[in-house]
Amino acid sequence: MAKKARKQWRDMPPWARVAVMVMVSVQLSLLASALVDISRRPAQQIRGPKPAWAAAAFINFIGPISYFAFGRKAAADPSSPAPQ
């Protein structure tokens with residue numbers, strides 16, 4: 001049984017190259033957004049430890065999306081009065 005050769009970048013059709021570049025761009029944008037948010041957000045506004053979420057952000061797509069969906073606590077509305 002012959003081993004299937006790995007496809008090289010130059011062997012890919014143009015539409016596949018564009019698709020790969022779009023996916024890479026989306027992944028890097030999600031990663032950067034998550035890491036910046038984690039570094040700027042106070043620990044009290046994050047569910048769980050910040051280093052764990054930072055590490056999870058490096059998991060392709062799932063990590064950053066999970067952080068934005070589940071890792072951040074809802075921010076208090078700044079226009080509402082503080083409780084007395």
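Throughout, numbering of the chain's residues begins at 1 and tracks the sequence.
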Asks: Got a sec: does the CE of M23 have more than 12 other heavy atoms crowding it under 6.0 Å?
Replies: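 Atom CE in M23 is not packed in, count stays at 12 or less.
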
Asks: Please indicate whether R47 has more than 12 foreign heavy atoms, meaning atoms of other residues, nucleotides or ligands, lying under 6.0 Å from its CZ.
Replies: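 Yes - once you tally the heavy atoms of other residues, nucleotides and ligands closer than 6.0 Å, there are more than 12.
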
Asks: Nearest 0.5 Å please: distance from the CH2 atom of W53 over to the CD1 atom of I46.
Replies: 9.5 Å

Asks: Any idea which heavy atoms bring Q27 and A57 closest together, and the distance?
Replies: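 Heavy atoms of Q27 and A57 come nearest at NE2-O, 4.4 Å.
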
Asks: Cluster question for you: counting only ILVMFWY and a side-chain heavy-atom cut-off of under 4.5 Å, with indirect links fine, are M21 and L28 together?
Replies: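 Same cluster.
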
Asks: Taking atom CH2 of W15 as the centre, report whether more than 12 heavy atoms of other residues, nucleotides or ligands fall under 6.0 Å from it.
Replies: no

Asks: For I62, does the CD1 atom have more than 12 heavy-atom neighbours from other residues, nucleotides or ligands under 6.0 Å away?
Replies: no

Asks: So how far is it from I65 CD1 to F70 CZ, rounded to the nearest 0.5 Å?
Replies: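 Reported value, rounded in 0.5 Å steps: 10.5 Å.
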
Asks: Can you tell me how far the CG atom of L35 sits from the CG atom of L30, to the nearest 0.5 Å?
Replies: 10.5 Å

Asks: Give me the atom names and distance for the closest heavy-atom approach of V20 to M12.
Replies: CG2-CE, 3.7 Å

Asks: Given the rule in the side chain to side chain contact (heavy atoms under 4.5 Å, CB included) test, do Q45 and R72 qualify, once you have shown the distances and angles that lead to the verdict?
Replies: CA-CA 6 Å; Q45 293 181 0; R72 301 186 312 167; over 6 Å; no

Asks: F58 and V24: same hydrophobic cluster, using ILVMFWY side-chain contacts below 4.5 Å?
Replies: no

Asks: Please report the shortest heavy-atom distance between R41 and K73, naming the atom on each side.
Replies: NH1-O, 4.2 Å

Asks: With hydrophobic residues grouped by side-chain heavy-atom distances under 4.5 Å, do V26 and L31 end up in a single group?
Replies: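 No; tracing contacts between hydrophobic side chains, which count when under 4.5 Å, never links both residues.
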
